[in-house]
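Taking it in order: structure first as structure tokens, then the write-up.
Sequence positions, counted from 1, serve as the residue numbers for this chain.
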Amino acid sequence: MKSKETIIFDTYYDSEREKETREFLFEDYPDEWTSPEAIPEQRVLDEIELQNCELWEDITDCLASLLDEDCYLLTGYLGSWRGNLDGGKFIKSIDDFLDVTEHLNDIKIIDQNGHLIIEGSHHDGSDRYELKKLTRKGYELANKNYFANDRELHNTIMKTNFYSALPRFAKALYWYEQ
């Protein structure tokens with residue numbers, strides 16, 4: 001099977017994106033600069049930040065709709081000065097998701113063949129998580145265990161198709177062609 005990776009959101013620096021943003025600004029404001037390279041760096045960075053904010057609103061709105069419908073489990077690791085710390089959390093709303101990711105300075109959200117991967121960096125290191133949707137049986141198992149923050153419970157749910165399913169988030173986004 002061919003691997004398909006869709007980058008949904010990415011705030012990491014990318015020279016190609018900077019070049020595209022310069023060209024966009026030069027086309028939209030042709031009288032302000034003599035060339036794309038003449039555009040001040042801060043103006044380019046401000047435009048990239050604006051575009052990121054607008055896209056982030058769209059993504060979190062879509063995520064909020066999905067998270068309000070079902071319960072999810074986020075597992076992975078948090079990078080720290082003591083090394084990577086494994087963990088997991090049941091996600092029942094967009095607020096739960098944002099609580100886990102708000103400390104990230106940069107974030108990348110990827111759909112890899114339906115797997116929703118969240119990668120990010122912060123002052124102590126890098127984080128990497130996967131978000132999966134609980135099936136009815138997965139929800140019942142989590143509920144029976146009081147939605148415990150228990151590694152064994154999380155591993156059982158994440159690794160068993162009867163308990164969790166791929167969110168296939170890229171398909172839920174109206175602006176991505178599938």
Side-chain angles (χ1 to χ4, degrees), residues 1-21 41-42 44-64 66-67 70-134 138 142 147-160 163-173 175-176:
M1 181 172 117
K2 186 177 177 184
S3 178
K4 182 170 182 179
E5 180 174 284
T6 303
I7 297 174
I8 296 169
F9 186 72
D10 187 356
T11 63
Y12 286 92
Y13 175 77
D14 178 7
S15 60
E16 187 61 34
R17 183 162 185 209
E18 180 181 343
K19 180 182 173 195
E20 289 170 2
T21 303
E41 183 177 353
Q42 190 58 53
V44 174
L45 295 176
D46 289 346
E47 180 63 29
I48 290 172
E49 178 67 21
L50 176 67
Q51 292 172 8
N52 281 344
C53 287
E54 290 173 354
L55 182 56
W56 183 246
E57 280 186 39
D58 289 343
I59 289 169
T60 55
D61 286 349
C62 189
L63 262 175
L66 292 176
L67 296 174
D70 295 295
C71 185
Y72 288 75
L73 178 59
L74 183 86
T75 61
Y77 64 82
L78 169 96
S80 81
W81 60 272
R82 298 177 296 168
N84 291 340
L85 305 173
D86 291 334
K89 181 177 181 173
F90 289 98
I91 305 291
K92 299 176 184 174
S93 70
I94 191 65
D95 290 335
D96 291 343
F97 178 81
L98 295 174
D99 284 345
V100 175
T101 59
E102 71 184 351
H103 69 285
L104 300 173
N105 297 326
D106 282 299
I107 188 168
K108 187 177 198 179
I109 301 176
I110 309 159
D111 185 305
Q112 291 177 340
N113 295 326
H115 292 265
L116 188 62
I117 307 298
I118 298 98
E119 298 175 344
S121 60
H122 49 89
H123 70 280
D124 273 342
S126 298
D127 298 3
R128 188 172 199 283
Y129 315 111
E130 180 174 1
L131 185 72
K132 286 182 102 176
K133 181 174 127 177
L134 271 62
F147 294 93
N149 286 323
D150 177 77
R151 186 176 298 165
E152 187 176 327
L153 173 63
H154 293 175
N155 287 340
T156 298
I157 290 172
M158 292 296 278
K159 293 179 180 178
T160 307
Y163 298 135
S164 64
L166 300 179
R168 302 191 186 285
F169 185 60
K171 285 188 176 189
L173 299 172
W175 64 84
Y176 277 103

Over all atoms of both residues, closest heavy-atom pair of [X] and [Y]:
{"X": "Leu104", "Y": "His122", "result": "CD2-CD2, 3.7 Å"}
{"X": "Lys89", "Y": "Asp96", "result": "NZ-O, 4.1 Å"}
{"X": "Asp10", "Y": "Ile7", "result": "CB-CG2, 3.9 Å"}
{"X": "Leu134", "Y": "Ala142", "result": "CD2-CB, 3.9 Å"}
{"X": "Pro167", "Y": "Tyr72", "result": "CB-CE2, 4.0 Å"}
{"X": "Leu67", "Y": "Ser93", "result": "CD1-O, 3.5 Å"}

Contact between [X] and [Y] at the side-chain level, heavy atoms closer than 4.5 Å - yes or no?
{"X": "Leu73", "Y": "Lys132", "answer": "no"}
{"X": "Leu153", "Y": "Phe90", "answer": "yes"}
{"X": "Ile118", "Y": "Phe97", "answer": "yes"}
{"X": "Ile109", "Y": "Leu116", "answer": "yes"}
{"X": "Glu47", "Y": "Val44", "answer": "no"}
{"X": "Leu78", "Y": "Tyr129", "answer": "yes"}
{"X": "Leu166", "Y": "Gln112", "answer": "no"}
{"X": "Glu57", "Y": "Glu54", "answer": "no"}

Could you state the interatomic distance from [atom1] ([X]) to [atom2] ([Y]), rounded to the nearest 0.5 Å?
{"X": "Asp61", "Y": "Leu66", "atom1": "CG", "atom2": "CG", "result": "11.5 Å"}
{"X": "Thr160", "Y": "Asn155", "atom1": "OG1", "atom2": "CG", "result": "9.5 Å"}
{"X": "Leu55", "Y": "Thr60", "atom1": "CG", "atom2": "OG1", "result": "9.5 Å"}
{"X": "Asp58", "Y": "Cys53", "atom1": "CG", "atom2": "SG", "result": "11.5 Å"}
{"X": "His123", "Y": "His103", "atom1": "NE2", "atom2": "NE2", "result": "8.5 Å"}
{"X": "Leu63", "Y": "Leu131", "atom1": "CG", "atom2": "CG", "result": "7.5 Å"}

Stepwise side-chain contact (heavy atoms from CB on, under 4.5 Å) test for Glu49 and Asp46: CA-CA 5 Å; Glu49 178 67 21; Asp46 289 346; 5.6 Å; no
Set of residues satisfying salt bridge (Lys or Arg N to Asp or Glu O under 4.0 Å) with respect to Glu20, sequence neighbours excluded: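 Partners of Glu20 by the salt bridge (Lys or Arg N to Asp or Glu O under 4.0 Å) criterion come out as none, since no residue qualifies.
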Any residue meeting salt bridge (Lys or Arg N to Asp or Glu O under 4.0 Å) with Lys108, in chain and number order, not counting sequence neighbours: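 None.
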Distance-only donor-acceptor check, side chains Asp106 and Thr11, under 3.5 Å: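 Their side chains do contain a donor-acceptor pair, which is all the 3.5 Å distance test asks for.
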Gln42, CD atom: more than 12 neighbouring heavy atoms under 6.0 Å: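 Yes, because the 6.0 Å sphere around CD of Gln42 holds more than 12 heavy atoms from other groups.
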Can a donor-acceptor pair be found, under 3.5 Å and without considering hydrogens, that links the side chain of [X] to the backbone of [Y]?
{"X": "His154", "Y": "Leu74", "answer": "no"}
{"X": "Ser126", "Y": "Gly79", "answer": "no"}
{"X": "Ser164", "Y": "Ile157", "answer": "yes"}
{"X": "Asp111", "Y": "Phe169", "answer": "yes"}

Parallel, tilted or perpendicular: ring planes of Trp56 versus Phe9, cut at 30 and 60 degrees: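 Geometry flag for Phe9 against Trp56: tilted rings.
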